[in-house]
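To keep things clear, I will list the structure first and then write my remarks on it.
FYI, side chains are in, hydrogens and waters are out, and symmetry mates aren't considered; it's all heavy atoms of this structure. Everything quoted here is computed from the prediction, not taken from an experiment. Each ligand, and each atom within it, is numbered from 1 in the order the structure gives.
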Amino acid sequence: MHPDRLVERLSAVVGPAHVLTAPEVRASYETDFTGRYTGRSRLVVRPGDTAEVAAAVRACHDLGVPLVPQGGNTGLVGGSVPGPDGDEVVLSLRRLTSVGPVDHGAQQVTAGAGTTLADLQRYVRSQSWEFGVDLASRDSATLGGMLATNAGGERVVRYGTTRANVAGLEAVLPDGSVMDRLAGLPKDNAGYDLTGLLVGSEGTLAVITRARLRLVPRLPHRVTALLALDSLEAAVALLVTLRRLESLELAEFFTADGLRLVMEKTGLPAPFRTPHPVLVLVECAGRHDTAGELAEAVEHPSVREVAVALRDADRHRLAAYRERHTEAVNAAGVPVKLDVTVPLADLAGFVGDLPGLLAGRARPYVFGHLAEGNVHVNLLDVPVREEEAVTEAVLRRVSQAGGSISAEHGVGRAKARYLHLTRSPTEVAAMRAVKSALDPGKLLSPGTLLGSCPPSPTPDR
Ligand code: 2HG
Ligand code: ZN
């Protein structure tokens, strides 16, 4: 195919200003947020609405050109950037920012895939609602990417992952046809749950253009506490008590090493006079004052010190010790990032095994979402030749414990070859069948998820 034919077709759809071909303009779309995953695109196309997305996808389909949908490009597994060959088009959804009126009766709102989480939050809060999903990258993460990866974040303990907060989708299928499931019917059992299937499919089955989102009431009373503990075992014991609180909205953990790095890179002051091995960040929210019940819960034998905040600015200051980990690690180097779930009973054992598994080949920082056993293992200073060996050692340990090699960031390009550690051959075959049925030409995000997963994986468990 003559390269200009694609440029001509796409320019006719979105206007020449939104077809980016110059390497220096494409560059920011080709490297991910961590700087670890870089590819080369044929061009970047920036449609402005669903009809333009559909026409752009159809043009790529007709010409047999693969494409990678991209939102805020805040993903951490290389799923939003093109591969190295320069044959993929980046389809940026960032211009799809329209948000409809809140449907107060249905408790839902329809929003475009390019809307950032922070913009959505501001909008629904102004109408006394809240979106249940929240994450540290809220200012740049877009809904499309959150839906494509079934993002989890900080409030899963109360509201579930993104999938649980979506009532329907509009999406463009690989041949350019549009699937409209935006009615948001709470009861609708007529056939397969296509919305549920597309959420978490990482751009491999369809391009999500809009979503019908469920809203939750905005709770006026909110209290945040940072707790100092001696160990992760103690943190898990404390969780048993915290779970009893109806108002529990968030339970996160990090360690003394991570706290030190965050303070060093951000200039934040120490939260306590003396250092403690483990820190737990807890937030409660309710219609009535929840500070009393939280105070009672944290009068737990394992809690050494407590800092409590009620005012928003003070609460955000406490949350920053946990939320700024990603930024602090990035400022210290290009990390190997592993995002795993382990059964809670094994959380302390898993983290305790890391030094042995790493055998001096990395400087580890662990933090994450305590309530879900979701550990973000960030590894700095890993020699390039050891990256795969270190990754495999940690992911095998997770798999042996019955955990997941991808808790919330997705599989992307980074973890595709490890999918068989966590999904059985039967499951991988079923996923491949779905992929071939919807995208027989393998045009959507070809390197992601099933891309380099071995075709006949060896059973591992
Ligand atoms: C978080 O929980 C994000 O802060 C990012 O999922 C985790 O940087 C990471 O590894
Ligand atoms: Zn996380």
Any donor and acceptor pair, going by atom type alone, linking the side chain of Glu408 with main-chain N or O of Gly153 inside 3.5 Å?
yes
If every non-hydrogen atom of Leu310 is compared with every non-hydrogen atom of Ala291, which pair is closest and at what distance?
CD2-CB, 4.2 Å
Whether His376 has an N, O or S atom under 2.8 Å from the Zn ion (ligand 2)
yes
With no hydrogens and no angle check, do the side chains of Glu283 and Thr224 hold a donor and an acceptor under 3.5 Å apart?
yes
Ion pair check, Asp346 and Arg397, cut-off under 4.0 Å
yes
I'd like the residue list for ligand 1, meaning every protein residue with a non-hydrogen atom under 4.0 Å from the ligand.
Leu76, Arg322, Thr326, Lys337, Phe367, His369, His376, Asn378, Glu408, His409
What I want to check is whether the side chains of Asp32 and Thr34 have a donor and an acceptor closer together than 3.5 Å.
yes
Can Ser80 and Gln70 be counted as having a side-chain donor-acceptor contact under 3.5 angstrom?
no
Considering just N/O/S atoms, say which atom of Glu408 is closest to the Zn ion (ligand 2).
OE2
Here the N/O/S atom of His369 closest to the Zn ion (ligand 2) would be NE2
Begin from the C-alpha positions of Phe254 and His325 and carry the test ring pair (Phe, Tyr, Trp, His ring centres under 6.0 Å) through to its verdict.
CA-CA 9 Å; Phe254 50 102; His325 268 65; 5.1 Å; yes
